[in-house]
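Keep in mind that this is a model prediction, so the values were computed, not measured.
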Amino acid sequence: MYADCEVRAEVGDGGGATVRERTAYVGTVDPNEPGHYPACPLLTYAGIWCPGCGGLRSAHAVWHGELATALTANALAVAGYALFAAGWLVWAVCAARGRPFRLAFGRVHAWAAGVVLLSFGVARNLPQGSWLHP
């Protein structure tokens, strides 16, 4: 299914504004300071690092240009930010040129994402993966 870039541009602007606002909030309000954000329930109650633990700290570090700090907080989240930025850039170029934009995810992509998340979550809780938790 192809979507017209002009229609996507109208929808994308509202979504982009929301992403910018939320990213700006995380960039200005430090997640390393206690009390600003809720704690991860899986870490709090089970003592297990989930794949998202450290994601806000990594977003805050990326906002301030501290890539090494971001990678130590949550490397998978940083990869996700890069993929999101690349996808947004492709969409923006497509919209500027007036060409159709197609992004199709199938079952294989969903399963692959699930395997990556599960593997990262398991690896960061093993003794050998201790360098993966924030």
Side-chain angles (χ1 to χ4, degrees):
M1 172 189 292
Y2 286 94
D4 186 36
C5 282
E6 291 179 32
V7 174
R8 288 285 195 189
E10 292 176 19
V11 174
D13 288 343
T18 302
V19 169
R20 282 190 306 270
E21 290 168 359
R22 291 180 182 182
T23 305
Y25 180 79
V26 172
T28 54
V29 179
D30 190 0
N32 295 307
E33 299 289 327
H36 293 292
Y37 300 97
C40 173
L42 193 59
L43 181 61
T44 302
Y45 298 116
I48 298 171
W49 297 97
C50 79
C53 283
L56 289 175
R57 287 185 285 266
S58 69
H60 182 79
V62 167
W63 179 267
H64 291 281
E66 301 168 357
L67 188 59
T69 304
L71 286 169
T72 58
N74 190 325
L76 187 61
V78 174
Y81 306 148
L83 285 173
F84 178 80
W88 181 84
L89 182 63
V90 168
W91 168 83
V93 168
C94 172
R97 292 181 178 174
R99 294 188 177 160
F101 176 72
R102 182 174 181 254
L103 186 61
F105 292 106
R107 287 185 185 177
V108 172
H109 298 102
W111 277 100
V115 167
V116 167
L117 285 170
L118 183 64
S119 300
F120 183 72
V122 169
R124 74 186 327 200
N125 286 291
L126 294 174
Q128 299 86 352
S130 64
W131 59 277
L132 290 172
H133 29 93

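A 4.5 Å side-chain heavy-atom check between V78 and L67 finds at least one atom pair inside the cut-off. Between Y25 and E21 there is no side-chain heavy-atom pair separated by less than 4.5 Å. Inter-residue side-chain proximity for R102 and C94 is flagged as unmet; no heavy-atom pair is nearer than 4.5 Å.
Note: W49 and H133 have parallel aromatic rings, judged against thresholds of 30 and 60 degrees for the angle between ring planes. In this structure, H109 and F105 have perpendicular ring planes: the angle between them is above 60°, well past the 30° mark.
In this structure, CH2 on W111 lies 10.5 Å from CG on L118, to the nearest 0.5 angstrom. The OG1 atom of T72 lies 10.5 Å from the CG atom of L132; values are rounded to the nearest 0.5 Å. Interatomic distance, OG1 of T69 versus CG of N32, reported as 9.0 Å (0.5 Å rounding).
Of the possible polar contacts, none joining the H60 side chain to the T28 backbone as a donor-acceptor pair under 3.5 Å is found. Judged by distance alone, with hydrogens and angles left aside, the side-chain atoms of R57 form no donor-acceptor pair with the main-chain N or O of P31 at under 3.5 Å. In this structure a side-chain-to-backbone donor-acceptor pair under 3.5 Å is present from Y37 to V29. The main-chain N or O of V116 is never found under 3.5 Å from a side-chain atom of S119 such that the two would form a donor-acceptor pair. N74 places a side-chain N or O within 3.5 Å of a backbone atom of C53 that can act as its donor or acceptor partner.
L56 and V26 get closest at one heavy-atom pair: O-CG1, 3.6 Å. Scanning both residues, Y81 and S58, for their nearest heavy atoms gives OH-OG, 3.0 Å. When all heavy atoms of G121 and P51 are compared, the pair lying nearest together is CA-CG, 4.0 Å. Nearest heavy-atom pair, C50 versus C40, reported as atom, atom and distance to 0.1 Å: SG-SG, 3.7 Å.
Residue L83 is not grouped with residue F120 when hydrophobic side chains (ILVMFWY) are merged at heavy-atom distances under 4.5 angstrom, including chains of intermediate members.
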